[in-house]
Amino acid sequence: MARLIVGNWKMNLNPGEASVLVHRLEDKLAAKSDTEVVICPPFIDLYPISKELDKKKLTLGSQNIHYLDEGAFTGEISPAMLKGLVSYSIIGHSERRAMGEDDKLIAKKVAAAFRNDIVPVLCVGETLADREHKLSTKVVIDQLTADLAQLTAADVAELVVAYEPVWAIGTGKFAKPDEVSPVVAAIRQTIEELYGEDGAAGLRVLYGGSVNPDNCAAYLKLPGVDGLLVGGASLNYEEFAQIAKVAQDLK
Ligand code: 13P
């Protein structure tokens, strides 16, 4: 399966800065590759970037969506507005869960994405306390089961799930590959149990949490891992391009 490298810029870079980063990144990226490289800038950057992006090198994603297509929701952006503009949307990121998003809301957002031809990059992951209590796999399976409640097997076949242990995000304390493997296996097994082999066949699973050019290969080589969700390093065009190159060059 083609690899997927997703950059989550979080709340960084205005449109001018975003344009500079995109051009520098494109200069470093290979033109043709099986690996899809996605950037998820803040909403305000999406439209201007879409006008200048080299679509052979980069794909656009959003960092969030609303669960409805329109309505009286001051300050929100709907998936219907993003339809055609972005191909992916990060949903259920732990930074949004920490602001109060629960699995019920996330399930509605995942369904809203599919309704608007946007592929969700659904984020799941345990806290440090969960891990210390040996609950990583249980927490992730519970999140997954609740977040996918409204989907059909055909939806799930397109889905991207990002395993991002909360304690590894932005901390430099990346998860060891042997800590990632059992959780990734549990994600795949859960999807297969819920949606059958057909549903599970197209599923792509990413790892995220303090990914950098030095540690990325170890995750990409793990069975069942199809790519990476990169935060801090995606704001550095040299590092992000290096990560993409590692993914492109791996057999
Ligand atoms: P860092 O790569 O900065 O740890 O962030 C990971 C992340 O949250 C990506 O969504």
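Counting convention: from 1, in listed order, for ligands and their atoms alike. Just so you know, these numbers come straight off a predicted model, no measurement behind them.
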### Message
Taking distance alone, with N or O pairs closer than 3.5 Å, would you say Gly231 contacts ligand 1?
### Response
yes
### Message
Show the atoms of ligand 1 that are less than 4.0 angstrom away from any heavy atom in Gly170.
### Response
1 (P), 3 (O), 4 (O)
### Aromatic plane relationship, Tyr219 with Phe174 - under 30° parallel, 30 to 60° tilted, over 60° perpendicular
perpendicular
### Message
Which of the numbered atoms in ligand 1 are under 4.0 angstrom from any heavy atom belonging to Gly232?
### Response
1 (P), 2 (O), 3 (O)
### Query
So does Glu101 pair up with Arg96, basic N to acidic O under 4.0 Å?
yes
### Task
Go through the side-chain N and O atoms of Glu238 and Gln242 and say whether any donor and acceptor fall under 3.5 Å apart.
no
### Message
Can you tell me which portion of Ala168 lies within the under-4.0 Å heavy-atom range of ligand 1? Options are side chain, backbone, both, or neither.
### Response
backbone
### Query
Going by the atom numbers of ligand 1, which of them fall below 4.0 Å from some non-hydrogen atom of Gly209?
4 (O)
### Query
If you count the atoms of ligand 1 from 1 in the order shown, which ones are under 4.0 Å from a heavy atom of Glu164?
6 (C), 7 (C), 8 (O), 9 (C), 10 (O)
### Query
Listed by chain and number, what are the side chain to side chain contact (heavy atoms under 4.5 Å, CB included) partners of Lys108, not counting sequence neighbours?
Tyr67, Gln150
### Summary
Lys10 heavy atoms within 4.0 Å reach ligand 1 at atoms 5 (O), 6 (C), 7 (C), 8 (O)
### Contact atoms of ligand 1, heavy-atom distance to Ser210 under 4.0 Å
1 (P), 2 (O), 4 (O)
### Query
Listed by chain and number, what are the side chain to side chain contact (heavy atoms under 4.5 Å, CB included) partners of Ile77, not counting sequence neighbours?
Phe43, Met81, Leu82
### Task
Would you mind telling me if ligand 1 is within reach of the side chain of Asn8, the backbone, both or neither, using heavy atoms under 4.0 Å?
side chain
### Query
So with a 6.0 Å cut-off around CG of Asp34, is the heavy-atom count from everything else above 12?
no
### Query
Donor-acceptor pair, Glu239 side chain versus Pro213 backbone, under 3.5 Å?
no
